[in-house]
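Take a look at the structure below.
When reading the values below, keep in mind they use all heavy atoms of this one structure, side chains included, and skip hydrogens, waters and symmetry mates. Order of the sequence lines sets the chain letters (A, B, ...), proteins ahead of strands, with each chain counted from 1.
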2 protein chains.
Amino acid sequence: MPNSTATEKTLSGKASVRLTQAIITGELAQGQKLSEADLATRFGISRGPLREAIRELEGLRLVKRIPHAGARVVQLDKTSLAELYRVREALEGLACRMAAEQMSAAEVDTLFKLLDSHEQDIAAADGARYFQREGDFDFHFHIATGSGNQMLIDLLIGELYQLLRMCRYQTSHVARRTGPALKQHRQIAEAIAEGDGDLAELLMRRHISGAWKSMSEMLDNKAREGRNEQ
Amino acid sequence: MPNSTATEKTLSGKASVRLTQAIITGELAQGQKLSEADLATRFGISRGPLREAIRELEGLRLVKRIPHAGARVVQLDKTSLAELYRVREALEGLACRMAAEQMSAAEVDTLFKLLDSHEQDIAAADGARYFQREGDFDFHFHIATGSGNQMLIDLLIGELYQLLRMCRYQTSHVARRTGPALKQHRQIAEAIAEGDGDLAELLMRRHISGAWKSMSEMLDNKAREGRNEQ
DNA sequence: TAATTGGCGATTGTTGACAATTTCGAGGTT
DNA sequence: AACCTCGAAATTGTCAACAATCGCCAATTA
């Protein structure tokens, strides 16, 4: 529940969060065309606000619009995901370094509490699911915010994370190793607590490039399965 | 003339580029409110397309919108600029590394031709002006494009560079040392030509952090002058 | 006199009808 | 049979009127 923009009172705002949800959950499939008339009637609003909502999602990079040809949900093929992770590594690396340099003691404390909470969730029955679905983002969210760099925060939370959520949600059915990830999170948190910017950035970059490696393999497996099924 | 989006046939598209120009040149001052009715009549269009244009600029981070309270041109104070340059260093560093890793020979050639052209412009009478206003961007544009990472390209060209252009255009009256910048550009281009990603990233980061240092000093001087005038 | 509240004006949000453009299919031609 | 052209339907873009919300100023009250 990010909802960065505090715009939930206006119709276009409501439509925007609803559309975002629909896209992230896959209710609107990747590459699917967004018919203005259809969606407007489905949401019970006029086409005006709906168009603005679509433009808002365009800003979040969740849809691509072509004049006179309509808007489609963005397509995340393997190439795009590789690009996304590469950019993410650079930006989150920076965020992590800045967080280490200037997070307040209270914020660091919250960070560790987050980790404890996640550990418990994982111990629980369906913890793995929860962790991979949204819990993981709490950690990265908190670090991004802790960077204190508003532009960086906007870029990460407002754009990259939406795409990541979409990708992750739609591949959440496959198993994931949550153990290593949590251990890496702890290491990162400790580097931040010690104010070691160099180490914090290094660990975060390694964490993300590892996540990409894992995701990349998974996509290959999925592609192979798909071929075999046919 | 970036105009990434090939949308110039629709009214909202035209209004968008016109607004962008007005903001970058300072014809619309920073922090100024954008009245829908006023701008619509000034552009000879209806409020509908104009609203969409404003939302487009919101995506470029050139305006900030608050529901029921209107849109204002973004305010670039020193803090925001520091944030911008920090993010830019990370992203252009990455772009430069990737460009070094995989730019084609033809692209590298174009890069050097660009540098030659810039050198001549500087030699000319008002070369310094031209260089600082737009010519410099050609160089960074080309490297961003050469990274081959579409997401990175969108982020740099679609968002960061617009803000930089605005900032630079509006401070273009002050003197700038163009010599060192051009020399650094040459060094970067050579690192790219040799495929040395590490060096290319290092040099680009240094180039940008140096640019920020120079810009930062200039802002301080300006602030001091302002104080003395009063 | 200072703070509060009420209403008035201005601005933004929303709507449904209308215009322009693209797309898709039918028909004819080579 | 394949290709091109033309036209109609569907979709997007634009408009002007209407409704809702916010900010400001004045009147009122403690």
Side-chain angles (χ1 to χ4, degrees), chain A residues 3-23 27-75, chain B residues 3-23 27-75:
Chain A
N3 176 26
S4 37
T5 60
T7 162
E8 299 213 1
K9 296 179 115 178
T10 160
L11 285 190
S12 67
K14 283 188 252 186
S16 169
V17 312
R18 198 163 161 189
L19 266 182
T20 302
Q21 199 65 16
I23 289 178
E27 181 184 330
L28 291 171
Q30 293 191 19
Q32 179 174 340
K33 177 158 182 214
L34 299 183
S35 161
E36 293 181 0
D38 178 30
L39 288 173
T41 56
R42 266 171 63 185
F43 289 177
I45 62 179
S46 173
R47 270 181 56 219
L50 190 106
R51 280 171 70 89
E52 305 211 1
I54 287 182
R55 276 213 134 90
E56 206 157 319
L57 290 225
E58 192 187 11
L60 301 186
R61 304 186 184 281
L62 287 177
V63 309
K64 267 241 182 264
R65 245 177 37 88
I66 299 176
H68 292 291
R72 313 189 86 90
V73 180
V74 72
Q75 279 274 45
Chain B
N3 178 25
S4 37
T5 58
T7 159
E8 300 214 1
K9 296 179 116 174
T10 160
L11 286 189
S12 67
K14 282 188 252 184
S16 168
V17 313
R18 198 163 161 189
L19 266 181
T20 303
Q21 198 66 17
I23 289 179
E27 180 184 332
L28 291 171
Q30 293 190 20
Q32 180 175 339
K33 180 163 180 205
L34 301 182
S35 161
E36 293 181 1
D38 178 30
L39 288 173
T41 56
R42 267 172 63 185
F43 289 177
I45 62 177
S46 172
R47 271 182 55 219
L50 189 105
R51 280 172 69 89
E52 305 210 0
I54 286 182
R55 276 213 133 90
E56 206 158 319
L57 290 226
E58 191 186 10
L60 300 186
R61 305 186 183 280
L62 287 177
V63 309
K64 267 241 180 264
R65 245 178 37 89
I66 300 177
H68 293 290
R72 313 189 87 89
V73 179
V74 74
Q75 279 274 43

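Of the candidate nucleotides dG13(D), dC22(D), dC15(D), dG13(D) has the atom lying nearest to any side-chain atom of T10(B).
Between E36(A) atom CD and dT12(D) atom C1' there is a gap of 6 Å when expressed in whole angstrom units. As rounded to whole Å, 19 Å separates atom P of dA19(D) from atom CD1 of I45(A). Note: CZ (R55(A)) to P (dT12(D)) measures 13 Å, nearest angstrom. Atom CG of L50(A) and atom C1' of dG13(D) are 14 Å apart (whole Å). Distance CZ (F43(B)) to C1' (dT14(D)): 17 Å, rounded to an integer number of Å. The nearest whole Å value for the distance from the CZ atom in R51(A) to the P atom in dT11(D) is 14 Å.
A donor-acceptor pair under 3.5 Å is absent between the side-chain atoms of R47(A) and the main chain of E36(A), judged by distance alone. One N or O on the side chain of T20(A) and one on the backbone of S16(A) form a donor-acceptor pair closer than 3.5 Å. A donor-acceptor contact shorter than 3.5 Å is absent between the side chain of E52(B) and the backbone of P49(B). At least one donor-acceptor pair closer than 3.5 Å links the side chain of T41(B) to the backbone N or O of A37(B).
Protein chain B contacts DNA chain C from dT11(C) to dT14(C), reading 5' to 3' and using non-hydrogen atoms of the protein with a distance under 4.0 Å.
I54(A) comes within 4.0 angstrom of nothing in the nucleic acid, heavy atoms only. Among the heavy atoms of the strands lying under 4.0 Å from L34(A) are primed sugar atoms or P, OP1, OP2 only; no base atom is included. Within 4.0 Å (heavy atoms only), G48(A) reaches at least one base atom of the nucleic acid.
The two residues S12(B) and A53(B) come nearest to each other via the heavy atoms O-CB, 3.6 Å. In this structure, R42(B) and R18(B) approach most closely via the heavy-atom pair O-NH2, 4.0 Å.
Just one of L62(B), V63(B), L28(B) meets the side-chain contact (heavy atoms from CB on, under 4.5 Å) condition when paired with L19(B); it is L28(B).
For R65(A), a side-chain nitrogen or oxygen approaches OP1 or OP2 of dG13(D) to under 4.0 Å.
Toward the 5′ end of DNA chain C lies the nearest nucleotide of S35(B), the other residue of the pair G44(A) and S35(B) mapping further downstream. Both P49(A) and H68(A) lie near DNA chain C, and the one whose nearest nucleotide falls closer to the 5' end is P49(A).
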